[in-house]
Participant: 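Sharing a structure, written as structure tokens. Questions coming.
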Amino acid sequence: MNKDMLVIGGGIAGIQSSLDLAEMGFKVYLVERLPSIGGKMAQLDKTFPTNDCAI
Amino acid sequence: MLDVGRHPNIELMAYSEVEQVEGSAGCFKVRVRRKARYVDEDKCTGCGACREKCPTDVLDMYNEGHSTRKAIYSWFAQGIPSTHTIDPDHCRVLQGKKCGVCQKRCEAGAIDFEQKDKIVDLDIGAIIVATGYTVFDPGKIPEYRYRDLPNVVTAVEFERFLSASGPTHGHIDRPSDILARREIADLEKEESRLQKTLARYEEKAGATSQSVFETFAAETATPEQQQWMEKYREYLPLTEKLAALRSKAEGFATAKRLAFIQCVGSRDLRFYPFCSGFCCMHSIKEAIIAHEHENATTSVIFGMDIRAVGKGFDEYKVRGGNKSNITYRRSRVAEIVNGPNDNPVLVYEDTQQQKVVREDFDLVILATACAPNEGMKDMAAILGIELNRFGFFKTRPENPLDTTREGIFVCGCAHSPMDIPESVAQASSAASRAVQTVTVTPAKLLKIS
Ligand SMILES: Cc1cc2nc3c(=O)[nH]c(=O)nc-3n(C[C@H](O)[C@H](O)[C@H](O)COP(=O)(O)OP(=O)(O)OC[C@H]3O[C@@H](n4cnc5c(N)ncnc54)[C@H](O)[C@@H]3O)c2cc1C
Ligand code: SF4
Ligand code: SF4
């Protein structure tokens, strides 16, 4: 049994999964197609419902 | 995002793609292609010196094509990793021409035109697919004329217009005005080029172009005079066009009367019958932010109903109506046509008054559906999992994050349309499902024995 984890896609969902797994002590490979992570959220100015800045 | 780049347990492989997945839960063999950036990730400091003098402009898709970036670029300013990337489709050197300016400017010596893709093989216990979504292409709805009317934009484009780091630095300039300003700039360049040429002729002949033009007769003119006058004939209409555009530009103002059209591609039997869930909320948000930027802004949100289902969402909607000059109008817009001054005109039935209305706005924003991402079919084939009828990854209601292959889980908009809080909640759930796959529990041992 191998315990390393693969997360495909570095949007908010992939970022959160990766951080949770890493915090639990697992080695995580996070593969993102674009030059940087962030996904759609990185394009947003602010987010509902709090209107906090997206990045 | 920063935490991901720094976490000792996370190996970030950006600009990479999964090419092959073999084996089964607990022992997957995964092949990843790390695409050549032509910039050494270990050496690049992200300073950006390389791009300053790059001669090649490329449309910047991070800004939805409303600005340009260089052939060597970072995806966005605070991007993680901050490593720059050379776009092989546009870079002069990689297209076989001469350049290499970036290499000379990079003090870290990170530019490497010889870099090749790298293949990395990984042994993996469980996989989480979080490949997200794309927004529906509104060009598929001919009656909204998205491709023809510059002042009809998508909600993502509008996010970029609202952003201080966006193409208009947070000012809501109208795309038609931006295009006109760009045309003026281009014409001015052309004008100054022609002026220089004409000045050379004038100096040599000791006469003005205008005076030569008045007495010009093609039959008696020297070849040089003929060439001169040819240039002058190019110059005259150009100055007229410039003058007209400049006087038009004096009247340009930021967009203050906004219309938002909901369910563009969603809840539409021609495209996606489902509700995308988050677009009513992002229209309200964008209208609130636009009003924050400029107090005189008014917004009308056109929809069949406003779906503000979520913690604190309905209050947000009501607050927007009360404090941010938002009117909610129940209607499905039938058509958008062009009006005077490039103002889009909406044709719709006001269902409360039972009247067909034509109303013009400064800018129209389309709340486009959450559609399955490009490449979902390929991804599904590589992972050996199934898609549902709309093209999102298939799951079962009893185990909503399990795909059709054991040990592979899905979360976020790759699963179905959902907002950020829900994506985050699913992401944590998917992480715990993945851990269950690779953890040997007493219960599992009992089952085996
Ligand atoms: C205009 C607009 C405004 C919005 N505003 C809000 C808001 O204010 N608040 C809110 O809660 N929600 C908002 N949303 C919704 C929000 O965008 C989504 O909930 C969220 O981005 C979903 O995150 P995700 O990680 O699932 O997908 P994405 O953000 O799409 O991320 C997916 C990532 O996977 C990568 N990827 C794709 N395919 C591959 C592949 N084959 N290999 C490797 N990587 C791949 C992509 O490049 C991307 O980085 C808005 C949406 C829109 C359209
Ligand atoms: S070599 Fe390519 S990336 Fe570098 S400056 Fe020239 S065109 Fe730009
Ligand atoms: S969230 Fe609103 S705009 Fe989006 S599909 Fe559902 S109803 Fe339409």
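A, B, ... follow the sequence lines: proteins, then strands. Residue 1 opens every chain.
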Participant: Using the test side-chain hydrogen bond (donor to acceptor under 3.5 Å, both in side chains), find all partners of H291(B) that sit at least two apart in sequence or belong to another chain.
Facilitator: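 Scan of H291(B) (side-chain hydrogen bond (donor to acceptor under 3.5 Å, both in side chains), adjacent residues dropped) gives N295(B).
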Participant: Shortest non-hydrogen contact from K46(A) to I289(B)?
Facilitator: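 What the structure gives for the nearest pair is CB-CD1, 3.8 Å.
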Participant: Where on E17(B) is there a heavy atom nearer than 4.5 Å to chain A: the side chain, the backbone, both, or neither?
Facilitator: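 Both parts, backbone and side chain.
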Participant: Quick one: which of R33(B), M13(B), R34(B) gives a side-chain contact (heavy atoms from CB on, under 4.5 Å) with V31(A)?
Facilitator: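 So the option named by the test is M13(B).
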Participant: Contact part of I284(B) toward chain A, heavy-atom cut-off under 4.5 Å: side chain, backbone, both or neither?
Facilitator: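 Neither part; nothing is under 4.5 Å.
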Participant: Give a yes or no on whether the backbone of E32(A) and the side-chain of S16(B) come within a donor-acceptor separation of less than 3.5 Å.
Facilitator: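 Not confirmed, S16(B) side chain does not pair with E32(A) backbone.
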Participant: Does anything in residues 16-49 of chain A form a ring-ring contact (aromatic ring centres under 6.0 Å, His included)? List the pairs, not counting sequence neighbours.
Facilitator: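 Listed by first then second residue: F48(A)-F313(B).
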Participant: Looking at CG of L34(A) and CE of M61(B), how far apart are the two atoms once the value is rounded to the nearest 0.5 Å?
Facilitator: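 Reported value, rounded in 0.5 Å steps: 11.5 Å.
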Participant: Sort out for me which of V28(A), N2(A), L21(A) touches chain B most, counting heavy-atom pairs under 4.5 Å.
Facilitator: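 The answer is N2(A).
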Participant: Enumerate by number any residue of residues 410-420 of chain B whose heavy atoms lie under 4.5 Å from heavy atoms of chain A; in the absence of such residues, state 'none'.
Facilitator: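 The stretch touches chain A at C411(B), G412(B), D419(B), I420(B).
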Participant: Might you work through the side chain to side chain contact (heavy atoms under 4.5 Å, CB included) test for I8(A) and I127(B), ending with a clear yes or no?
Facilitator: CA-CA 8 Å; I8(A) 312 174; I127(B) 301 174; 3.9 Å; yes
Participant: With a 4.5 Å heavy-atom cut-off, do Y316(B) and N51(A) have their side chains touching?
Facilitator: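 The answer is yes; the side chains approach within 4.5 Å.
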Participant: Between L19(A), I12(A), T50(A), which residue shows the highest count of heavy-atom pairs closer than 4.5 Å to chain B?
Facilitator: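 Highest number of heavy-atom pairs under 4.5 Å: L19(A).
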Participant: Is it the side chain or the backbone of V435(B) that comes within 4.5 Å of chain A heavy atoms, both, or neither?
Facilitator: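 For V435(B), heavy atoms of backbone and side chain both lie under 4.5 Å from chain A.
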Participant: Could you go through the side chain to side chain contact (heavy atoms under 4.5 Å, CB included) check for V7(A) and I10(B) one step at a time?
Facilitator: CA-CA 10 Å; V7(A) 176; I10(B) 301 180; over 6 Å; no
Participant: Which atoms of V156(B) are under 4.5 Å from chain A, going by heavy atoms: the side chain, the backbone, both sets, or neither?
Facilitator: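 Answer is side chain: those atoms of V156(B) sit under 4.5 Å from chain A.
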Participant: Are E159(B) and Q43(A) close enough, and set up right, to give a side chain to side chain contact (heavy atoms under 4.5 Å, CB included), and what steps lead you there?
Facilitator: CA-CA 7 Å; E159(B) 286 285 342; Q43(A) 282 181 290; 5.7 Å; no
Participant: Nearest 0.5 Å, what's the NE2-CG distance between H282(B) and L44(A)?
Facilitator: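 The distance works out to 8.5 Å.
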Participant: So which atom in N9(B) and which in A22(A) form the shortest heavy-atom distance, rounded to 0.1 Å?
Facilitator: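 Where N9(B) meets A22(A) most closely, the heavy atoms are ND2-O, 2.9 Å.
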Participant: Let me know if Y133(B) has heavy atoms under 4.5 Å from chain A in its side chain, its backbone, both or neither.
Facilitator: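 Looking at Y133(B), backbone and side chain both touch chain A.
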Participant: Under a 4.5 Å heavy-atom cutoff, which of T85(B), T131(B), D123(B), V129(B) has the most pairs with chain A?
Facilitator: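 Looking at each of T85(B), T131(B), D123(B), V129(B) in turn, D123(B) comes out on top.
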Participant: Stepwise, does the side chain to side chain contact (heavy atoms under 4.5 Å, CB included) test hold for V4(B) with I37(A)?
Facilitator: CA-CA 9 Å; V4(B) 172; I37(A) 55 170; 3.9 Å; yes
Participant: Which pairs, with at least one residue in residues 5-30 of chain A and sequence neighbours excluded, count as a salt bridge (Lys or Arg N to Asp or Glu O under 4.0 Å)?
Facilitator: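 Sorted result for residues 5-30 of chain A: K27(A)-E11(B).
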Participant: Please report the shortest heavy-atom distance between P49(A) and K311(B), naming the atom on each side.
Facilitator: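 Smallest heavy-atom distance, with atoms named: CG-O, 4.2 Å.
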Participant: Sort E292(B) into side chain, backbone, both or neither according to what part of it lies under 4.5 angstrom from a heavy atom of chain A.
Facilitator: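 For E292(B), the side chain is the part near chain A, not the backbone.
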Participant: Nearest heavy-atom pair of L6(A) and V18(B): which atoms, and what distance?
Facilitator: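 The pair with the smallest heavy-atom distance is CD2-CG2, 4.2 Å.
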Participant: Minimum heavy-atom separation for M1(A) and V438(B), please, with both atom names.
Facilitator: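 Shortest heavy-atom contact: SD-CA, 3.7 Å.
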Participant: Looking at CG of L30(A) and NE2 of H7(B), how far apart are the two atoms once the value is rounded to the nearest 0.5 Å?
Facilitator: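 Reported to 0.5 Å precision, the distance equals 12.5 Å.
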Participant: Do R33(A) and N373(B) come close enough that some side-chain heavy atom pair is under 4.5 Å?
Facilitator: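 Yes, at least one pair of side-chain atoms sits under 4.5 Å.
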Participant: I288(B) versus chain A, heavy atoms under 4.5 Å apart: side chain, backbone, both or neither?
Facilitator: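 The answer is the side chain of I288(B).
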Participant: Side chain from CB out, backbone as N, CA, C, O: work out which of these in S74(B) comes under 4.5 Å of a heavy atom of chain A, or both, or neither.
Facilitator: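 For S74(B), neither part sits under 4.5 Å from chain A.
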Participant: Are any side-chain N or O atoms of R37(B) and backbone N or O atoms of P35(A), one a donor and one an acceptor, separated by less than 3.5 Å?
Facilitator: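 Yes, because the side chain of R37(B) sits within donor-acceptor range (under 3.5 Å) of the backbone of P35(A).
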Participant: If you take all heavy atoms of Y62(B) and A42(A), which pair is closest and at what distance?
Facilitator: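 That closest heavy-atom pairing would be OH-O, 2.6 Å.
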Participant: Kindly indicate whether the side chain of S423(B), heavy atoms from C-beta on, has any atom under 4.5 Å from the side chain of Q16(A).
Facilitator: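 No; the side chains remain at least 4.5 Å from each other.
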